[in-house]
Structure formats: C-alpha cells, structure tokens
Amino acid sequence: MNDKFASWPHRVLAVVTGALRAITHLMLNIPERPMRWAQRVLGGQRIAWLFLTPNLIIFSLFTFLPILINFYYAVTGGVQLWPSERPFIGTENFQKLFACDNYFDYSTCDQDLFWRAIYNSMKFVSIQVVLMVLFSLITALVLNRKIVGRGFFRSVYFFPVLLSPVVVALVWRWILLRDGVLNAIIESMGGEKVLWLLDPSWSFFWVIFVTVWAQMGFYTLILLAGLQAIPRDVYEAAQMDRASPWRTFRKITLPLLMPNMIVVLALALIRAVQTFDEVFVLTGGGPGSATTFLVQYIYNTGFAQQIQRFGLAAAASLVLAVVLFILTMAQLRASRSKIDG
Amino acid sequence: MTHPRTSVARTPVGLIAFLFIIATALGCSKNDEKTASQPSNSTSPAAAASTPSSSPSGSAAELRMQCYGDGNECEVTRELLAGFEKKHPNIRVVVDVVPYKAILENLPIQLAAGEGPDMARVTDLGGLNKYYLDLRPHLKDPAYWEKNFGKTLDWYRAGRDDRGIYGLMTQLTVTGPIVNKTLFDQAGVAMPARGATWDDWVAATHKVAKATEVPFPMAMDRSGHRFAGLAISMGAKYFDADGNPAVVDDGFRNMAKKFIDWHKDGTMPKEIWGGSGGGQYRDGMKEFQNAHIVMLITGSWQIERLDKNVGDAFDWVAVPNPCGPAGCSGIPGGAGLVVFKHTKHPKEAALVLDYLAREEVHAEYMVRTANIPAHAAITEKGLDYKLSLAAKTSLNTFMGEVSGILPPAYVLQGYPYNRAIYNATVSRLGQSVAGELSVDNALKRITADINEAVKEAQRK
C-alpha cells in the first residue's frame, strides 16, 4: 500500500515530463517543415532576410517612417497636426533658424533661444563627456583592484543607474534649493547660503555633476567588463619586465581597453546630445535659458506652447540629427583607425 | 545521433498539434461569443425598463472626462456624478485626473489627432474652440444656460458671430494678492487700505519682512496671466483699436520695469520667475505656506488649497488688488467643462453637463470646491461656503474684485491666442529676471514672439 502511495508522485512527474517532452517536440516540429521549404526556395544566403523581416517592418514603421514624416513637417508650416492639412513652406523654417547677424552672438539671431540651446549643448557635451569617461575609467580601475568591500562599491556606483532620471533630478533639486539640504549643511557650519540653481555658472556645474553621477555606473560597468577581459598573463609579463604601473596602464590596459572606451565614448556622446529629462526637472532650463539644451528647445517649440510650431521644432530636430550623425561618423572613423592602427 | 523516438513521435505530435490548434480556436471563438453577448444582455429592454431613465441612445455609454484640479474639483465632480449615474444607469462617466500640464500640453495634441477624452476641464477656453461640440441641440433648455452663464459663454466662442454653447464654467477666477496677516500683526505694520498703490504695498511688505526676518516681501506666480492684471492696472491695453495684439505699450513697459526692479532689489525671490526657462508655470504657494514671503500675487482658485494646507499655522487673508494709474485690476479667468466634437455620445455628454449645470448641483459644487460661481442666479442668492473665516473673507474679497476688473482684462481673457501672449511674457521677462536680457530687449522679444506665434497660427 505504501509502495502504491509512494509511486503516485512519480507517476504524476512522469506524465508531466512526458507532456513537456511532447510540447517541446511540437514547438520544434511546427516550424521545421516551412523553414526547410523556405531554405530550399530562397537559398542559404537569402533566408537571413526572412528572419530580419519582422524586425525590419517594426523598424520601418516606428523609426524610418517618423523620420520621413519629420522631414515633411520641417518643410511645412501652420499649427495643423495632420500632414495633409499643413501648408508647404519650403525652407522657411530653416531660414528662420539660421537667420543670424553673428552666429557667435545668439542675441543677434532671430531664434535666439535656438542658438543659445546649441551653444549650451556644445558646452555641455564637451565637458560632460570628457568627465564622464574619465570618472568612469578611474572608478572602473579602482573597482577592478582587490579592495575591501569591492562588491558593495560596485553596487553603490551602479545604483543611480537604476533610478529614474526624474527621481534623480528631484532628489538633487531638493538638495540644491535655497532652503535645501546642502545649504542647511553650509549654514550649520557657519557659511552663507549659495543659490546653486539661480546662478548660471553653478546651475551649469550641477547639471553636469548630476548627469555624470547618475549615468557613470553604467559606463563603469562596461569598462570593468573590458578590464576583466584583459588576460592576467600580459600583466605578469609586464611585471617580469619591471614595467612601472603608469607604463603598464599606458601600454597594456589602455590599448586593450580601447574597444570598450570607444563604445563608452560613443554612448556618452549621443546621450549627452540628447539630454533632456534630468535637466528639465532639475533646472527647467533655467535660470533664464542658461541650461536650455537643444532637445528642450525642440520640446518647448513643438509642444509646450499654445501655438505649437511643429514645423520649426521638426527643422530643429533635423539639425540635431545632423549633429548626431556627424558625431557618430567621426566616432566610428576614430575607432576604426584606432583598432586598425 | 538521432533520437530513436523522434521519427516515431513526429506523426502523433503533428496530429496532437493540429487538434490542439483547432480546439484552442474553437474555445476562443466560444469565449468571444460569450464576451460579446454580455453588453447586449445588460441593455436588454427588460433591464432598461427597470431603470429610472436610460441614455438617450438607449445603449450603454461610457464617457471619459479628463480633469485637473487646483484643489478638490475632480473629487467633488466624481461624487456629484454618482447622483447623475443613479438617474441614468446606462451612462457611466470615468473621471481621469491628470496634471494641469497634461491639459495644457497633451490634450491639444490628442484633440488635433482626433483622439482624446469625450469631455475635459480646460482653461484655454477660446483656444480649443474648434474641437468643441455645440451643446445647444442637446440641451434641455439652452435659454437657462444663456440666462445664467451668458457672461462667460463668449469666452468659449470663436468670434462675435458664434452663438454656440460649448462649456460649463466650473470656476470663475480673479487674480489678486493674499497676505500673511500674522506677519503684519507681528511687525505691527498696518495693512494698506483699498485703493493703495503697488508702491504702498511694496513699502509695507518690506517693513514687515524686515521686522519679522522673512526672506522676501512679495512673490508672484510665474504666469503671464498674473502679470497681465498688474500691467493692465498700469495702463496696458494689450490690443490695438482693430483688436490685434499690441502688447508692449507704456503701461506694459512700466510694469515690466517695476517688476524686474522688484527682483533686483530683493522684493521678490528670483527662484519663481528666474529659476526656470521657457514659459513654464510655477506658483509661489510653497513659499507662502512656509511663511517665506509676506504677500503672494495669485488668485481665488488657491483658497481651498490654502485653507487646507495652512490651517492654524498662521492667519492669512486676500486683499484688494493694489492700484496703478489706470485702476486696481486683476484679471478674470477660470476653468470650464467642455465636450469634444469627436465624442460618440454627444447627447449623453450634454446630459452630464446639463446635470452639473443645474442650480442645486452647481451650487453644491461651488460650495465644496470653494470656487466663485459664474452662474447668475447662484451669485445673486449667494453661497454659504463651509470654510474657515479667513477663507470666507478672502473669497468675498476676490468676489468684490470682479467689479474692479478693467475692460482690457476681459478682452485679453476672450482672445483665442492669449496663452501665446502669456508664454512670451513669462519666457522673456524670466530671462530678464535671470539677468540674460535687458528689459528693453525682453520687450522687443515679447513683441516678436507674439507676432510670430500668431502669424503661424493663422497660416492656412
């Protein structure tokens, strides 16, 4: 009787295993015949397109088509949303954007806020990306060493990446307000309040600081993976040759880490040009327009006003696309020459 | 190496697969039939006969209402609609509470795409006119609406020839200042009386701030609408004789200069106007509630929120608008509930608005939300607000301000592109407060921005 009860779960298990096996066979066998047929008809090379088709359809619908529509919007005017209702105005939107007496003085431009946004974006990108790569590299190098609490620190540096950009910006806003945590600390030590978000220079500094703080963990992780992939024996050989740590870093670590560095640089660059959410919540583009970047200009022009100038916003977004394209091409070229060289 | 059972298993597995697919398909179609039959059961004649009243179309209707609240407006609307749904069990109104920003920025795009809710509580009353449903054919008594809401119905209309009824005013607002009375008492400074000028109030609040060590005497919401009240008091007309925008005149310029000076000399904190970019809205309620300012220029819609949030922390009160050379004007405004053309249930939506416009329902809404009614009969009879003494007094003060509103304020409120004027004002004066633009350059940019925006809006 005991045997009978003991074998009962085994029977259930056998039935479940059998059912799972049947389902697996089913899943494998259903596509097999059509696939064999497709391979026979299309040939080994062309069948790859068959697998790419679903993704290409989605990509065309949600990426290529919007790009084309964006081009169309950029050459039309008015406030109508439907493309068919929008009057064609040719290059008027671009002429408006580029109407300037002196490109180095944005106050002489028709669309002064557009040029201010361009200058702010360029300044932000050139400083933030350098700092981002530098700090990510230093952090990755430190976290790659055998230090006490390495696992803990790896988590700590990655933690801000897990937070929503809006949350990050809100937390820092509370810290940096006139009556925020930082000023409370300064006052408790006998200092005077600093208007961190009202002074253009300070607010620009904090925008860079907060974005580096929030995103650094992600890039650190990429570089850390690269560092761990470098074979130990290369370092051992360098040690035997009595190479100094700096020389080891310059001649071994940096060249072998270059592919990861290029990925980090490219990603950081693209993300910096696209910066919007953290800055929008942290400073709102202010004080005045001191931290208004190109994406916020596009948003303000196209969406945040009663008279929504989609055409002008689309033209500005094409300028942004050109900038991103040039940066990416330059990046690719640099990476190829580094890797080949 | 081939699995010995694969070839044997292939045929029965294929058969099982085929049967499984057929069975699933049959099962699904049966389920679909069940699901599809459910609504028709609920709207069967028997079911409809047993209810007090059905929807005009005779079938179930779900209406979506997008609602933002300054205080408890959406909650009260939802509660009042329970009474409506009891009478009309086939009509269900879903109130989607959204932030004000969604009403300003997302709703117009939804509407332009032919999407969006059936109804919404909006403040851009004239600007969204092309999407409104004319309620007249569906209202029980359009004359009741004309009689009681006649003064504000024009705000929703496209022009002088438009006689449509498009919305129910859920809030009539007047801008004006509120002051921290406790700080005045502590400082021993007398509050300037009705008729006092802006300069009188600046002097008085400075004294109070100094005596009580409050960081700032005054603040104003970051809003071109709020600024307009001050500018109109200084003589700004906003429009030329033909009704075209002519925003920057002497009155506007004088107020703009004064306003920038107030930020330079520490009368107002730079955070509110200078701390953000573009035309973003920001109010000064946090600063006022934390007693960091003596006087806040805001409006009547904040009373319910103030009453709830300040409580016994300090005494506050609304005071009459300070005066400029042209008068002591605030600016009217408000929010209204409108129905959009694309709704599939126009009759039902009109029924909802007709219900909410009923005198007893509307009065209850106004009392519970502490808003000023636009309903003539209710205004005449008066309302017994369930508020603290300070809130009641303040509400009366704001109501008293209606008589002092100067004509350009009404014209501006009825102008369909008024938010383009407000946006340019906020954006450029904000830059000036932050020290980026001189006042003269800010004024030039305001004119250019408005002209460009209006030209774009009129391009066909």
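Worth saying up front: this structure is predicted, and the values here are computed from it rather than measured. We name chains A, B, ... by the order of the sequence lines, and we start the count at 1 in each one.
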Contact class of [X] relative to chain A, heavy atoms under 4.5 angstrom:
| X | value |
| --- | --- |
| B/E456 | both |
| B/E271 | both |
| B/S432 | neither |

Legend entry - With B/Y281, the side chain to side chain donor-acceptor pair (under 3.5 Å) member among B/R226, B/H225, B/R222: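 In the set B/R226, B/H225, B/R222, the residue that makes a side chain to side chain donor-acceptor pair (under 3.5 Å) with B/Y281 is B/R226.
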Inset, instruction - Say whether A/Q274 and A/R271, considering side chains only, have a donor N or O and an acceptor N or O under 3.5 Å apart. - result: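 Side-chain D/A pair, A/Q274 to A/R271: absent.
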Legend entry - Side-chain H-bond candidate by donor/acceptor type, A/Q80 with A/E85, under 3.5 Å: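 There is no such pair between these side chains.
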Legend entry - Validation row: B/F259, B/V439 side chains within 4.5 angstrom (heavy atoms):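 The answer is no, as the side chains (C-beta and beyond) never meet within the 4.5 Å cut-off.
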Inset, instruction - Kindly indicate whether the side chain of A/F114, heavy atoms from C-beta on, has any atom under 4.5 Å from the side chain of A/I118. - result: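 In short, these two side chains touch, coming nearer than 4.5 Å.
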Legend entry - B/R121 NZ/CZ over B/Y68 ring centroid, <6.0 Å and within 45° of normal: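 Relative to the ring axis of B/Y68, which defines the angle, B/R121 lies inside both limits.
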Inset, instruction - Please confirm whether B/K341 makes a cation-pi placement over B/Y132, using NZ or CZ under 6.0 Å from the six-membered ring centre and within 45° of the ring normal. - result: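 Judged by the rule (NZ or CZ under 6.0 Å from the ring centre, within 45° of its axis), B/K341 is not positioned above B/Y132.
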Could you have a look at [options] and say which one has the most heavy-atom pairs with chain B under 4.5 angstrom?
| options | result |
| --- | --- |
| A/P287, A/P200, A/G285 | A/P287 |
| A/T283, A/L177, A/D199, A/T292 | A/T283 |
| A/D110, A/D112, A/L81 | A/D112 |

Inset, instruction - Only counting residues at least two apart or in another chain, list the ones meeting side-chain contact (heavy atoms from CB on, under 4.5 Å) with B/E452. - result: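 Partners of B/E452 under the side-chain contact (heavy atoms from CB on, under 4.5 Å) test: A/K96, A/Q111, A/R309, A/L312.
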Inset, instruction - Output the residues of residues 298-307 of chain A for which the shortest heavy-atom distance to chain B is under 4.5 Å, in residue-number order; output 'none' if no such residue exists. - result: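 Result: A/Y299, A/N300, A/F303, A/A304, A/Q305, A/Q306, A/I307.
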Inset, instruction - Any chance you could measure B/Y238, atom OH, to B/T425, atom OG1, to the nearest 0.5 Å? - result: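 The OH atom of B/Y238 sits 5.0 Å away from the OG1 atom of B/T425.
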